[in-house]
Amino acid sequence: MTAESRTSQLRTLIEKLYDRVPLYRSRMKALGVTPGDMKSPEDLSLFPFTVKQDLRDAYPYGLLACDRTELARLHASSGTTGKPTVVGYTRKDLDAWAGAVRDCMKTAGIRSDDIVQVAFGYGLFTGGLGIHDGAEALGATVIPASGGFSERQLLLMKDLGTTVIACTPSYALHLADLIEERGLKLNLRLGIFGAEPWSEELRRKIERRLGITAVDIYGLSEVMGPGVAIECPRHEGLHLQDDLFHAEIIDPETGTPLPEGEEGELVLTTLGKEGMPLLRYRTRDITRILPGRCSCGREGTRIARIRGRSDDMLIIRGVNVYPSQIETALGRVEGLSLHYLLEVSDRQGLKELTVCCEAAERLDGDGTALLAERSRQELLALLGVRVGFRLVGPGSLSRSEGKAVRIRNVA
Ligand code: DLL
């Protein structure tokens, strides 16, 4: 992609938003910029950001760039508080999305002769239908299993000969437990996992236990759904769908664009969307743009795996801690299962963290004390700050069927 063609794509988008979306016009006016100021990709930083609150304020249709009657589908993401955020897609948007997921699947190594079991939830969440449409567009055989009902998942996998499973990594770990417990022999060869942060250690566990290649797929409903970026089997970062998105990395505190290679917040601008195009959407996801080229030979932008959401970052005695780092530390301790929960309490304005993790097997008193001590040491070594640790027995933490809830606030 040349700088000229990228500039022209961005200018077309900005013109459309200026003409059709009052919020963007008033923001541009307030900043004293017009679409004509978009003369090179760097000029994008002159233009306003969009944040999640803008979608809430515009609920439900305020950010549409087309007439409501042109929408073919609506998705929504459940807000933790109050109203969900709604995203509208025209027919063309849905086709582009299916094409993006199809291309992601090809990059992951999925073929038209694969049997793809979609164990992401179907409904307002974009995971189920998004992966489904892409797998169909690829010409694969699709099993729309949706999330949960694990016994049925196993039955479908076994009887129908599923070769590819798509779900959250935390659910994949749960399925791996069940498959091992029952000694099932399956045809699985590949998994595409995403919708939540996960570590290399969890990837290795899933790959080893299920005997598959596990790839990371990224996306968010605000800009589309799954299919924004995906790994190839080389596991050297996620290939971004450059024809549909323009990526920037900014300093989450100041909003200033960061140079290539530096870690910060991912900001996405949609290209070519009709229903609800977004300009400089602040994802809150922490990653970096990787320099150089993947050994698979593909050109284009690559991002590192998402470290976590800036909202989920904990500050423990001055040290920034992401749940994914904790997962990395736990994954290095032989004998832990990677089913874990972070209990956060507030002591006079200071956050205290206790990591609860299941042992992989039942242990006696000495075994428990030893494993807990090893876990504490690994956490201290990786995080650089001492945190509480509690070892719990196998199966004692609740399992997630979709996005795992990792943080619990306790009094
Ligand atoms: O989770 C879309 C999706 C479905 C992606 C299925 C991948 C697979 P939302 O519910 O809007 O959409 O949540 C988006 O989830 O901003 C990230 O914080 C997180 N997320 C998604 N994929 C990944 C990933 C879907 N691969 C939010 N790694 C995003 C880390 C992820 N975090």
Exceeds 12 heavy-atom contacts within 6.0 angstrom, atom CZ of R68: no
Any side-chain heavy-atom pair of Y218 and I306 under 4.5 Å: yes
Flag for S199-S324: side-chain donor and acceptor within less than 3.5 Å: no
Shortest non-hydrogen separation from I206 to P169 and the atoms involved: CD1-O, 3.6 Å
Polar side chain donor-acceptor pair, S400 to S170, under 3.5 angstrom: yes
Charged N-O contact under 4.0 Å between E343 and R408: yes
Rounded distance [0.5 Å steps], CG in L240 versus CG in D242: 5.0 Å
For the student: nearest non-hydrogen atoms of T126 and M224, plus distance: CG2-O, 3.8 Å
L154 side chain reached by L184 side chain, heavy atoms, under 4.5 Å: yes
Reported CZ-to-CG distance for the pair R204 and L338, which is rounded to 0.5 angstrom: 11.0 Å
N-O pairing of K83 and D57 below 4.0 Å: no
Residue pair T270, Y281: steps toward the side chain to side chain donor-acceptor pair (under 3.5 Å) verdict: CA-CA 9 Å; T270 64; Y281 182 70; over 6 Å; no
Any pair counted as salt bridge (Lys or Arg N to Asp or Glu O under 4.0 Å), so long as it reaches residues 264-282, sequence neighbours left out: K92-E274, E248-R280, E265-R282
Nearest heavy-atom neighbours spanning F120 and G194: CE2-O, 3.6 Å
Modelled atom types, side-chain donor and acceptor of T256 and D251, under 3.5 Å: no
Short side-chain to backbone donor-acceptor contact, D43 and S40, under 3.5 Å: yes
side-chain contact (heavy atoms from CB on, under 4.5 Å) evaluation trace for E181 with L178: CA-CA 5 Å; E181 262 168 46; L178 299 177; 4.1 Å; yes
Atom pair CD1/NE2 of I230 and H239 - distance to nearest 0.5 Å: 9.5 Å
Donor-acceptor contact below 3.5 Å, side chain Q153 vs main chain S146: yes
Any I217 side-chain heavy atom under 4.5 Å of F193 side chain: no
Sidechain-backbone polar pair: S26 side chain, P22 backbone, donor-acceptor under 3.5 Å: yes
Verdict with reasoning, T163 to N187, per side chain to side chain donor-acceptor pair (under 3.5 Å): CA-CA 5 Å; T163 56; N187 265 349; over 6 Å; no
R399 (side chain) donor-acceptor with L397 (main chain) under 3.5 angstrom: yes
For T7 against P41, the heavy-atom pair lying closest together: OG1-CD, 3.1 Å
With sequence neighbours excluded, residues passing salt bridge (Lys or Arg N to Asp or Glu O under 4.0 Å) with D95: R91
Pairs where residues 25-41 contributes a residue and the test salt bridge (Lys or Arg N to Asp or Glu O under 4.0 Å) is met, not counting sequence neighbours: R27-D54
Residues, nucleotides or ligands: over 12 heavy atoms within 6.0 Å of Q53 CD: yes
Selection residues 108-117 - residue pairs positive for salt bridge (Lys or Arg N to Asp or Glu O under 4.0 Å), sequence neighbours left out: R111-D113, D114-R189
side-chain contact (heavy atoms from CB on, under 4.5 Å) assessment of L341 paired with R406: CA-CA 5 Å; L341 182 71; R406 298 293 191 196; 5.7 Å; no
Test side-chain contact (heavy atoms from CB on, under 4.5 Å) applied to L391 and L336, step by step: CA-CA 9 Å; L391 189 66; L336 293 179; 3.4 Å; yes
Residue pair L55 / M276, side-chain heavy-atom distance below 4.5 Å: yes
Worked verdict on S150 versus Y171 for side chain to side chain donor-acceptor pair (under 3.5 Å): CA-CA 9 Å; S150 306; Y171 191 49; 2.8 Å; yes
side-chain contact (heavy atoms from CB on, under 4.5 Å) evaluation trace for E299 with R293: CA-CA 6 Å; E299 290 182 22; R293 196 192 282 190; 3.2 Å; yes
Rounded distance (nearest 0.5 Å) linking atom CZ of R284 with atom CD of E222: 11.5 Å
Heavy-atom donor-acceptor pair, H235 side chain to A214 backbone, under 3.5 Å: yes
Flag for Y340-E327: side-chain donor and acceptor within less than 3.5 Å: yes
Plane angle bin for Y89 and W97 - parallel if under 30°, tilted between 30 and 60°, otherwise perpendicular: parallel
Sequence neighbours excluded, every pair satisfying side chain to side chain donor-acceptor pair (under 3.5 Å) that has a member inside residues 303-317: E200-R305, D216-R305, E263-R307, D285-R309, R309-D311
Check: G349 main-chain N/O paired with D346 side-chain donor or acceptor under 3.5 Å: yes
Expected output: side-chain E262 to main-chain P259 donor-acceptor under 3.5 Å: no
Sidechain-backbone polar pair: E196 side chain, A404 backbone, donor-acceptor under 3.5 Å: yes
Sub-6.0 Å ring centroid separation between H132 and Y122: yes
Check: T50 side chain, L279 main-chain N or O, donor-acceptor pair, under 3.5 Å: yes
Side chain to side chain donor-acceptor pair (under 3.5 Å) between S5 and T2, intermediate numbers included: CA-CA 5 Å; S5 58; T2 64; 3.1 Å; yes
Distance-only polar pair, side chains of R6 and Q9, donor-acceptor under 3.5 Å: yes
SB check R209 D177 (cutoff 4.0 Å): yes
Side-chain touch L244/L271, heavy atoms, less than 4.5 angstrom: no
Nearest heavy atoms of I192 and A108, plus distance in Å: CG2-CB, 4.1 Å
For L173 against S337, the heavy-atom pair lying closest together: CD2-O, 3.6 Å
Spacing of CG belonging to L220 relative to CG belonging to L268, to within rounding of 0.5 Å: 6.0 Å
Check: P233 main-chain N/O paired with T213 side-chain donor or acceptor under 3.5 Å: no
L210 side chain reached by L175 side chain, heavy atoms, under 4.5 Å: no
Pairs where residues 142-158 contributes a residue and the test salt bridge (Lys or Arg N to Asp or Glu O under 4.0 Å) is met, not counting sequence neighbours: E151-R182
